[in-house]
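Just below is one structure, and these are the notes that go with it.
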Amino acid sequence: MVDIKQIRENPQLFKDGARAKKFDVNIDDLLAIDSTLLNVKKKLQDLTTEKNRLGKEIPRLAETEKQKALKILGELKTLEAELNDKIKELQPQFDALMLEVPQPPSPEVPFGEDDTQNVELRRWGAIRQFDFEYKDHIQLGTALNLIDVERGVKLAGTRNYFLKGDGALLHRAVLQFALDFMIQKGYTPMVVPLLMRDEAMRGTGYYPGAEEQTYRMERDELNLVGTAEVPLTAYHSGELLTEEMLPAKFVAMSSCFRREAGAAGKDTYGLYRIHQFDKVEQVIIGENDEAKSIAYHQEILANSEAVMQALNLPYRVVNVCTGDLGRGQVQKFDVETWMPSRKGFGETHSASRFYEFQARRMNLRYKTAGRQNLFCHTLNNTVIASPRVLIPILELYQNADGSVTIPQALRPYMNNREKIEAQ
RNA sequence: GGAGAGGUGGCCGAGCGGCUGAAGGCAACGGUUUGCUAAACCGUCGUACGGGUAAAAACCCGUACCCCGGGUUCGAAUCCCGGCCUCUCCGCCA
């Protein structure tokens with residue numbers, strides 16, 4: 001959520017921001033409701049002042065005076081009810097609109113329509129040239145008995161899969177490696193609940209908007225998270241932290257669930273777009289300071305790059321353009337990893353910073369040394385998501401004989417083996 | 001699932017329908033003392049919104065807020081109803 005005062009002062013900034021991000025929200029309507037609401041509230045306040053004043057006199061008045069005062073109070077009460085009705089009508093409209101207003105993007109963000117207009121910032125690693133006919137991850141996974149999509153679909157429908165044998169081990173290895181890496185960087189490891197109340201979904205900015213993308217336990221009014229970002233970011237929601245607690249750095253490994261509604265027919269092959277996967281996620285809850293936020297953003301991006309470099313996977317970093325930004329994001333860097341079967345880079349990481357956007361929604365604040373209460377800044381990024389990252393690992397580490405070399409960094413997690421071979 | 005208890009400020013915890021924005025304690029902040037730290041003592045110390053003076057810091061006035069929403073009342077933290085949440089005991093289960 002953004003600050004209504006800032007909208008009042010500079011509505012154009014928010015109009016432009018919404019348009020660039022391709023969100024449809026009527027700032028003029030919002031401001032009109034805001035000013036009416038403000039006006040009604042002021043009237044109500046004046047009226048209440050008068051009511052309170054009169055009420056306090058009552059016990060001290062003589063009988064006739066008292067009756068007179070009571071009569072006036074009665075009239076004031078009818079007026080008060082009218083004003084209250086007006087507020088009850090407008091306040092929900094105001095609140096709903098406020099949840100819709102996007103955070104304006106940083107000036108660093110390139111203007112663009114969609115992900116094709118994201119701007120590449122840098123590349124790392126050499127893209128492997130094959131001197132034999134390479135297989136894609138499904139072919140490899142089937143031949144080596146690592147992946148079973150057919151039975152996943154039989155039991156759970158499309159976009160489901162089993163990982164099996166070394167496939168299951170490789171999946172665990174890459175996640176554990178990433179988690180250990182982050183712990184060593186000083187991030188606090190967390191095991192988090194995956195069924196979240198609507199409040200947490202709203203607080204992180206997923207609701208309203210991502211309801212269709214979310215599996216929901218209707219009976220219990222709980223939502224299966226699409227990322228550990230939700231529990232980690234909302235962990236301190238509603239709290240007043242002290243400045244010494246910041247920055248709070250968390251890392252969690254969790255399963256993630258996504259309905260992929262609206263993606264029908266897209267990326268239907270393989271393990272790229274699936275309903276359930278596991279992810280190690282990093283979250284920073286920081287001070288209300290843009291320079292610090294930007295530094296943290298670089299930090300979480302560097303963490304993910306370090307993991308990819310340790311795995312020796314070629315990737316590029318893109319500066320995500322305005323049209324591809326979420327409602328709350330100020331700026332987002334995606335890490336895209338080379339995937340031979342896609343003949344291109346596929347998104348494997350997404351590093352976002354939000355400034356106060358999420359913290360405002362969840363009332364996440366801290367007290368400064370100067371004893372001022374400020375909203376925190378929040379950021380998050382993928383550390384590793386699997387099985388998506390198994391795509392480049394399997395495909396890039398494959399050998400002409402059909403075996404797959406285990407990346408050096410993962411060998412300690414795979415009983416120090418060097419290769420995955422057909423049994 | 002059955003029975004009961006409870007939700008008050010950063011935290012703990014009192015609270016008679018008007019004198020309570022809320023006792024007391026802890027924490028925090030400022031100061032005195034002290035070679036330093038600690039202790040002791042004195043003082044300050046909720047949030048949001050609106051209005052006023054102001055460049056700002058700050059200050060003043062008002063309103064709201066003691067889980068949420070309704071109600072009773074001239075007046076509600078306090079009484080009534082509904083909801084949400086937490087805890088304890090029993091049962092069941094991992």
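The sequence lines fix the lettering, A, B, ..., with proteins before strands; numbering per chain opens at 1. These values consider heavy atoms only, across backbone and side chains, with no hydrogens, waters or symmetry-generated copies.
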Both distances under 3.5 Å, Watson-Crick or G-U wobble: report the partner of [N], or none.
| N | answer |
| --- | --- |
| B/A58 | B/U53 |
| B/U37 | none |
| B/A28 | B/U44 |
| B/A23 | none |
| B/C66 | none |
| B/U86 | B/A5 |
| B/A77 | none |
| B/G91 | none |

| query | Among side-chain atoms of A/Q282 and A/S304, is any donor-acceptor pair under 3.5 angstrom? | reply | yes

Can you tell which of [options] lies closest to the side chain of [X]?
| X | options | answer |
| --- | --- | --- |
| A/K367 | B/U47, B/G51, B/U63 | B/U47 |
| A/K88 | B/G70, B/G75, B/U47 | B/G70 |
| A/K77 | B/A64, B/U73, B/G70 | B/U73 |
| A/T48 | B/U47, B/U63, B/G50 | B/U63 |

Between the side chains of [Y] and [X], is the shortest nitrogen-to-carboxylate-oxygen separation below 4.0 Å, so that they form an ion pair?
| X | Y | answer |
| --- | --- | --- |
| A/R122 | A/E305 | yes |
| A/E50 | A/R53 | yes |
| A/E218 | A/R216 | yes |

What's the gap between [N] and [M] when it is taken at their [atom1] atoms, as a whole Å value?
| N | M | atom1 | answer |
| --- | --- | --- | --- |
| B/U72 | B/G82 | C1' | 15 Å |
| B/G15 | B/C67 | P | 15 Å |
| B/A3 | B/A64 | C1' | 39 Å |
| B/A48 | B/G43 | C1' | 27 Å |
| B/A38 | B/A28 | P | 10 Å |
| B/G50 | B/C11 | P | 25 Å |
| B/G75 | B/G83 | C1' | 26 Å |
| B/A77 | B/C87 | P | 28 Å |

When the distance from [atom1] of [X] to [atom2] of [N] is rounded to whole Å, what number comes out?
| X | N | atom1 | atom2 | answer |
| --- | --- | --- | --- | --- |
| A/L47 | B/G75 | CG | P | 12 Å |
| A/F375 | B/U47 | CZ | P | 13 Å |
| A/E80 | B/A64 | CD | P | 9 Å |
| A/Q45 | B/G62 | CD | P | 10 Å |
| A/R365 | B/G46 | CZ | C1' | 10 Å |
| A/L54 | B/U73 | CG | P | 18 Å |
| A/I4 | B/A48 | CD1 | P | 17 Å |
| A/D85 | B/G69 | CG | P | 16 Å |

Look at the side-chain N and O atoms of [X] and state whether any lies under 4.0 Å from the OP1 or OP2 oxygen of [N].
| X | N | result |
| --- | --- | --- |
| A/K5 | B/C49 | yes |
| A/R53 | B/G75 | no |
| A/K43 | B/U63 | no |
| A/N52 | B/A64 | yes |

| field | Result of checking A/T348, A/V335, A/V307, A/V389 against A/L313 for side chain to side chain contact (heavy atoms under 4.5 Å, CB included) | value | A/V389

Mind checking [X] for me? I need base, sugar-phosphate or nothing, with any heavy atom below 4.0 Å counting as a touch.
| X | result |
| --- | --- |
| A/K41 | nothing |
| A/R197 | sugar-phosphate |
| A/R360 | nothing |
| A/D46 | nothing |
| A/K71 | nothing |

| field | A/R388 charged N/C atom sitting above A/Y272 aromatic ring, 6.0 Å / 45° | value | yes

| request: Answer whether the closest heavy-atom distance between the side chains of A/D166 and A/L144 falls below 4.5 Å. | output: no

| field | Side-chain touch A/T268/A/T158, heavy atoms, less than 4.5 angstrom | value | no

| note | On RNA chain B, more 5' by nearest nucleotide between A/L240 and A/K51 is A/L240

| Nearest-nucleotide 5' precedence on RNA chain B, A/L38 against A/N373 | A/N373

